[in-house]
Amino acid sequence: MKGCISIVLALLFSVVNAAELPVEAFASAPSIDMLKLSPDGTKLSMIQTVDTEKEQLVLVKLFDLETGKQKFLVKADSRDLTIYSVVWANNKQLLMKAAYASHRQGTPVTETRLVVIDTETGKNRSVIRGQLQRKLVRTPQFQSNIVALMPEDEEHFLLALDGFNHGVGTSVVKISLNGAMSEIVAHSRENLIDWVADRQHKPRIAIFRDDAQFQIKEKKPNSNEFRLLWQFEALSEDTIWPIGFDEDPNLLYVSAYHNGKKAIFKVDLAKDKPEPELVKTNPDYDVPADISYSWQDKKIIAIGEEYIDPKYQAFQKAVDDALPDADNYIVSMSHDQNRYIVLTSSETNAGAYLLGDRKARSMQFLLPKFSQLEPELMVAKQKIQYKARDGLTIEGYLTTPKGYQQGTLPTIIFPHGGPISFDDDGFDYWTQFFANRGYAVLQMNFRGSYGYGFDFMQMGLQGWGLQMQDDVEDGTRWLIEQGIAVPGNICIVGASYGGYAALMGAVKTPDLYQCAVSFAGVTDVEALVKSHRNYTNYEIVKKQIGDNFALLEQRSPLTHADKIQVPVLLIHGTKDRSVPVRQSTAMFRALKSKKKSVEYIELEDGDHYLSTNSHRLETFKAMDRFLKSHLQLPVQHVVAN
């Protein structure tokens with residue numbers, strides 16, 4: 001195995017003698033991604049991205065590990081369709097999840113579909129067809145919510161689906177893959193939005209939502225009766241979210257707050273009054289709401305992304321010993337648990353896939369996710385802390401160019417989107433792109449970011465443009481105090497909420513930044529909230545952002561276009577279903593009317609996530625040119641090899 005690993009490392013860490021990588025190296029989507037083993041371990045499915053002169057093709061590809069033969073099963077233009085998951089239903093059929101932009105009654109929406117692919121013939125079809133389709137009174141918007149795959153019964157799976165009646169509610173359908181009749185195994189109720197099945201594949205937990213109020217109910221076995229377990233308001237400390245069952249159909253794992261941080265509990269549903277029992281907690285951070293179940297061993301093997309079973313702990317240790325100084329995830333495994341796929345990555349490695357064989361005690365390099373991003377030319381993030389003006393500790397990450405020792409640098413302030421999201425020390429192609437160009441990059445988890453507990457999250461509710469924005473400014477000033485950034489050579493860049501923060505930074509502190517870049521940024525907060533009136537999450541959006549529209553107007557960059565004194569670059573996709581494109585077009589018109597320096601780039605058919613290579617490339621080239629024209633790089637910018 002050691003000899004094989006040395007080959008892997010040579011492939012992963014070969015050095016390219018180049019200072020500044022081409023924009024394409026960062027702007028290209030992963031050439032290969034989402035590798036999955038067939039249940040018998042003889043085949044690999046994967047998503048491949050191929051650029052042509054006229055389009056970007058996304059392909060579902062099949063590779064036979066026994067014969068070495070490969071073939072393409074599905075071909076789609078990424079501007080029309082996003083393939084976001086492919087899983088094996090059995091050794092002959094794949095289930096492909098796809099999404100596309102659409103409209104319903106004039107409202108822009110995202111639709112999802114689930115497609116069955118026959119790997120032998122290459123034929124594919126929607127799972128919603130025939131008698132099942134005829135039972136529907138309307139076409140469901142979301143058709144890809146798999147409640148459970150059933151490894152013991154490879155001809156069926158459970159799918160959550162609405163549209164069976166004129167009211168609102170989600171049923172569970174047992175879908176047949178062999179063409180037989182599909183049956184409804186759990187019927188919808190008003191306001192029922194999702195289900196959790198036990199390990200015997202019976203729908204047991206029903207999640208109800210009425211505006212911002214949630215109810216978690218148990219569907220009693222062999223009965224249509226429900227028992228209320230918990231009820232809570234969205235974004236409250238009373239939140240209890242079901243994660244999944246153990247082998248015992250009465251043992252349910254949930255995520256809930258413990259001493260202000262999200263923790264994992266288990267609940268015995270056999271009791272008359274089930275009480276959560278603490279299983280895993282962290283005094284400093286939220287525990288990820290995640291468990292892993294082994295149907296072969298019939299037990300939970302991992303909690304909060306960490307193995308708890310000794311056998312799997314030993315297996316993970318062997319993989320980590322073979323691939324040191326990296327984050328190694330077992331992303332797929334054959335049913336006999338012999339062959340497996342490892343995705344290995346680090347702060348400087350964008351990721352690579354390896355095929356392992358436990359009996360042969362071997363590991364074989366397969367493919368890198370980003371073939372042009374050589375780890376030797378990437379840089380690690382440095383975890384930092386600083387104090388906000390009110391004394392709150394803010395964590396963040398500082399990335400400096402390769403070979404940097406000390407002194408001032410042109411700087412990018414890069415607040416994340418969400419805003420209930422977070423930045424971590426993992427590989428980030430935006431940050432690596434900026435650092436490769438010679439910029440220092442500061443990312444901060446301002447108040448309201450995810451992962452720091454209830455109180456920290458609450459500080460960000462309805463706080464757009466207030467203390468959340470102050471945290472970004474305070475991080476900028478901290479970096480100046482550290483002697484890394486210098487006034488007059490700092491640009492603020494962001495996407496989505498980060499784009500809002502970039503523009504508000506230019507509004508509130510016009511002398512702090514030299515320029516601002518907003519990709520798909522919010523410019524009119526009032527309009528953003530009102531745009532959700534036709535969606536079922538409207539009350540939650542108001543609770544998160546606010547519904548005092550006079551205040552929201554004052555916290556919008558659009559209202560204060562006259563205060564912006566620095567050049568602005570706006571970029572937005574026309575099919576953005578998260579932040580409407582009119583948010584950027586309105587800002588562009590307002591800045592132009594005030595005779596401000598502004599450039600606007602519209603990405604035809606572009607979405608909120610830069611899913612298409614051509615859109616990534618156009619965006620990154622525009623940012624590269626814009627930043628170089630407004631920030632002062634050192635006379636000689638060299639990346640040390």
Side-chain angles (χ1 to χ4, degrees), residues 18-28 347-350 370 372-384 396-404 407-417 423-445 472 475-476 479-480 482 484-486 488-496 498-499 501-503 505-506 512-521 566-571 601 610 615-634 636-640:
E20 190 173 278
L21 292 174
V23 176
E24 288 82 356
F26 299 93
S28 298
E347 295 170 316
T348 58
N349 178 6
F370 295 88
Q372 299 181 67
L373 297 183
E374 297 290 341
E376 282 295 319
L377 296 180
M378 302 297 104
V379 287
K381 297 179 180 179
Q382 174 189 349
K383 190 173 184 178
I384 59 94
Y397 295 89
L398 174 64
T399 308
T400 52
K402 189 78 172 176
Y404 169 76
T408 60
L409 288 168
T411 299
I412 305 295
I413 303 300
F414 189 35
H416 62 70
D423 282 316
D424 59 20
D425 62 358
F427 189 89
D428 170 2
Y429 72 93
W430 284 67
T431 301
Q432 294 293 340
F433 170 69
F434 295 140
N436 182 257
R437 262 48 191 168
Y439 307 115
V441 185
L442 179 64
Q443 300 166 279
M444 66 287 293
N445 287 325
V472 176
T476 307
L479 201 61
I480 293 171
Q482 300 303 305
I484 297 172
V486 60
N489 208 18
I490 307 170
C491 187
I492 184 166
V493 180
S496 194
L503 294 171
L512 189 58
Y513 305 109
Q514 292 302 109
C515 57
V517 178
S518 168
F519 169 78
V566 299
V568 171
L569 172 62
L570 303 169
I571 308 172
I601 295 175
L610 282 179
H615 294 150
R616 276 192 184 186
L617 186 59
E618 187 174 358
T619 297
F620 273 51
K621 282 185 174 180
M623 289 195 300
D624 195 27
R625 172 182 46 76
F626 182 81
L627 293 171
K628 284 178 178 176
S629 65
H630 297 294
L631 293 181
Q632 195 72 36
L633 284 164
Q636 187 176 14
H637 164 52
V638 178
V639 178

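Only this structure's heavy atoms are used, side chains among them; waters, hydrogens and symmetry mates stay out.
- Here the side chains of Leu570 and Leu503 are in contact, with some heavy-atom distance below 4.5 Å.
- When all heavy atoms of Val441 and Ala435 are compared, the pair lying nearest together is CG2-N, 4.2 Å.
- Residues passing the side-chain hydrogen bond (donor to acceptor under 3.5 Å, both in side chains) test with Lys621, sequence neighbours excluded: none.
- Using a 4.5 Å heavy-atom threshold, the side chains of Ile413 and Ile490 count as touching.
- Pro22 and Gln372 make their closest contact through CG-OE1, 4.2 Å (heavy atoms, listed as atom of the first residue, atom of the second, distance).
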Exercise. Please walk me through it: do Arg437 and Asp624 pass salt bridge (charged side-chain N to carboxylate O under 4.0 Å, His left out)?
Worked result: CA-CA 8 Å; Arg437 262 48 191 168; Asp624 195 27; 3.3 Å; yes
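- Heavy atoms only, all atoms of each residue included: Ala516 and Ala506 are closest at CB-CB, 4.3 Å.
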Problem set entry | Working for salt bridge (charged side-chain N to carboxylate O under 4.0 Å, His left out), residues Lys402 and Glu374 | CA-CA 13 Å; Lys402 189 78 172 176; Glu374 297 290 341; over 6 Å; no
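- Donor-acceptor pairing under 3.5 Å is recorded for the side chains of Asp428 and Gln443.
- Rounding to the nearest 0.5 Å places CE of Met378 at 11.5 Å from OG1 of Thr399.
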Exercise. Can you list the steps and then say if Lys628 with Tyr439 is a side chain to side chain contact (heavy atoms under 4.5 Å, CB included)?
Worked result: CA-CA 10 Å; Lys628 284 178 178 176; Tyr439 307 115; 3.6 Å; yes
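- In this structure a side-chain-to-backbone donor-acceptor pair under 3.5 Å is missing from Lys381 to Gly396.
- Within the 3.5 Å criterion, the main-chain N or O of Val379 finds a donor-acceptor partner in the side chain of Gln432.
- At least one side-chain heavy atom of Thr411 sits under 4.5 Å from a side-chain heavy atom of Leu479.
- Counting heavy atoms from C-beta on, the side chains of Leu442 and Met444 come closer than 4.5 Å.
- Residues Phe620 and Phe434 place their aromatic rings such that the two centres sit no closer than 6.0 Å.
- Taking the six-membered ring for Trp and the full ring otherwise, the centers of Trp430 and Phe26 sit at least 6.0 Å from each other.
- For the pair Phe427/Asn349, no side-chain contact is recorded, criterion being any heavy-atom separation below 4.5 Å from C-beta on.
- Leu21 has its side chain out of reach of Phe433: every pair of non-hydrogen atoms, C-beta onward, lies at least 4.5 Å apart.
- Using a 4.5 Å cut-off on side-chain heavy atoms (C-beta onward), Val517 and Ile412 make no contact.
- With contacts defined as side-chain heavy-atom distances shorter than 4.5 Å, the pair Asn489/Thr408 does not qualify.
- Shortest non-hydrogen contact noted between Ile384 and Tyr397 is CG1-N, 3.9 Å.
- Shown here for Pro567 and Phe626, the closest heavy-atom pair between the two residues is O-CZ, 3.5 Å.
- When all heavy atoms of Gly494 and Ala502 are compared, the pair lying nearest together is N-CB, 4.1 Å.
- Ion pairing between a basic and an acidic side chain is recognised when a charged N comes within 4.0 Å of a carboxylate O; Glu618 and Arg625 show no such pairing.
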Problem set entry | Step-by-step side chain to side chain contact (heavy atoms under 4.5 Å, CB included) determination, Lys383 to Asp425 | CA-CA 7 Å; Lys383 190 173 184 178; Asp425 62 358; over 6 Å; no
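- Between the side chain of Ser28 and the backbone N or O of Ala25, no donor-acceptor pair lies under 3.5 Å.
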Problem set entry | Derivation of the side chain to side chain contact (heavy atoms under 4.5 Å, CB included) call for Val493 and Leu569 | CA-CA 9 Å; Val493 180; Leu569 172 62; over 6 Å; no
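- Remark: Glu24 CD is packed, more than 12 non-hydrogen atoms of other residues, nucleotides or ligands lying under 6.0 Å away.
- Partners of Thr400 according to the side-chain contact (heavy atoms from CB on, under 4.5 Å) rule, which considers only residues two or more places apart in sequence or in another chain, are Leu398, Tyr404, Leu409, Ala440.
- Proximity of a side-chain donor or acceptor of Asn445 to a complementary backbone N or O of Asp423 within less than 3.5 Å is detected.
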Problem set entry | side chain to side chain contact (heavy atoms under 4.5 Å, CB included) between Tyr429 and Arg616, intermediate numbers included | CA-CA 11 Å; Tyr429 72 93; Arg616 276 192 184 186; 3.4 Å; yes
